[in-house]
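This report concerns only the one structure given below.
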Protein chains: 2
Amino acid sequence: MRHSTYKCNNGCPVEATLEIIGGKWKGVILYHLMERTYRFGELKRVMPGVTQRMLTKQLRELEADGIIHRKVYAEVPPKVEYSLTDVGESLRDVMMMMRDWGRNHFGL
Amino acid sequence: MRHSTYKCNNGCPVEATLEIIGGKWKGVILYHLMERTYRFGELKRVMPGVTQRMLTKQLRELEADGIIHRKVYAEVPPKVEYSLTDVGESLRDVMMMMRDWGRNHFGL
DNA sequence: CGGAATCCAGATTGATACTG
DNA sequence: CAGTATCAATCTGGATTCCG
């Protein structure tokens, strides 16, 4: 998914939203962050199959879109925590609705 | 977005839903079909920028996922109408939620 | 630990031309 | 009208290596 410059396909608000949350791993990432703050390594562990490269990339995009916050601790070894911003938090209803539909439609 | 074989990334229901509606043009297509039935050419006209090839492909995927229905009229020249199935209709709340979020977040 | 940089194969997409 | 076929260009994601 070529990345959103806040330019919306055909002025469609649905597409605009999908540009933000439609990335390959963004659903899972946000789904986890809805629950609590996660460290990079933790996210990687709860997302079997994701590569370090992709996880980083998706997190950076979500950060650029103002959905998540990246907090770097000045420690050795490094520690980075990811959490939802207020904007990210405002996606909760959307996420829960998608979750419910997914559960009903498949049998998750 | 590689296509769903109803196999869900990490068993995450959010990702499962995104696999269905997250395709490049699926948001816009569904957004229009929420309103009424459309013919192929009509959809093409209301979606500036989509190519015939891509529109066909996305419609076929939505059809395969049971979201939309394709009705072919035995006429010359050909006439094909696309409409929501019951399953597609069940996505209405999800779509409206994404639309609302998009409107609020951007100023659409 | 949490990345960044590089390389590359394969998937996606666009352009164009053709058809029942 | 509503596609299909083909080819080229682009984009994506995975593997690997290195680094503070």
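Worth knowing before you read on, the calculation uses all heavy atoms, side chains too, and leaves out hydrogens, waters and symmetry mates. Protein chains get the first letters and strands the later ones, always in sequence-line order, with residue 1 at the start of each.
A:Tyr38 is listed as a side-chain neighbour of A:Leu33, based on a closest heavy-atom distance under 4.5 Å. Proximity of B:Trp25 to B:Leu62: side-chain heavy atoms (C-beta onward) are nowhere separated by under 4.5 Å. For the pair A:Thr37/A:Lys71, no side-chain contact is recorded, criterion being any heavy-atom separation below 4.5 Å from C-beta on.
Side-chain nitrogen and oxygen atoms of A:Thr51 include none within less than 4.0 Å of the OP1 or OP2 phosphate oxygen of D:dG13. Phosphate proximity of D:dG13 to A:Lys57: present, with a side-chain N or O under 4.0 Å from OP1 or OP2.
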Nucleotides 1-7 of chain D: protein proximity per nucleotide (B base, S sugar-phosphate only, - neither; heavy atom, under 4.0 Å): BBBS-B-
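Atom CZ of B:Arg60 sits about 9.0 Å away from atom CD1 of B:Ile68, to the nearest 0.5 Å. A distance of 5.0 Å separates CE in B:Met95 from CE in B:Met34, rounded to the nearest 0.5 Å. For the atom pair A:Trp101 CH2 and B:Arg92 CZ, the distance stands at 14.5 Å (nearest 0.5 Å). To the nearest 0.5 Å, atom CG of residue B:Leu91 and atom CG of residue B:Leu84 are 8.5 Å apart. Here CG of A:Leu30 is found 10.0 Å from CD1 of A:Ile20. Values are rounded to the nearest 0.5 Å.
Contacts classified as salt bridge (charged side-chain N to carboxylate O under 4.0 Å, His left out) and involving residues 39-53 of chain A (residues at least two apart or in different chains) are given here: A:Arg36-A:Glu42.
In this entry the distance linking CD of A:Gln58 with P of C:dG3 reads 14 Å, nearest Å. Distance B:Lys24 NZ to C:dT13 C1': 6 Å, rounded to the nearest Å. Here the C1' atom of nucleotide C:dT12 and the NZ atom of B:Lys26 are 13 Å apart, to the nearest Å. Distance B:Glu61 CD to C:dA11 C1': 12 Å, rounded to the nearest Å. Taking atom CD of residue A:Glu75 and atom P of nucleotide C:dC1, one finds them 13 Å apart after rounding to whole Å. In this entry the distance linking CE of A:Met47 with P of D:dG13 reads 12 Å, nearest Å. Here the C1' atom of nucleotide D:dG14 and the NZ atom of A:Lys44 are 12 Å apart, to the nearest Å. Rounded to a whole Å, the NZ atom of A:Lys71 is 15 Å from the P atom of C:dG2.
Axis deviation across the helix from C:dC1-D:dG20 to C:dG20-D:dC1 amounts to 50°, comparing end segments of five pairs, rounded to 10 degrees.
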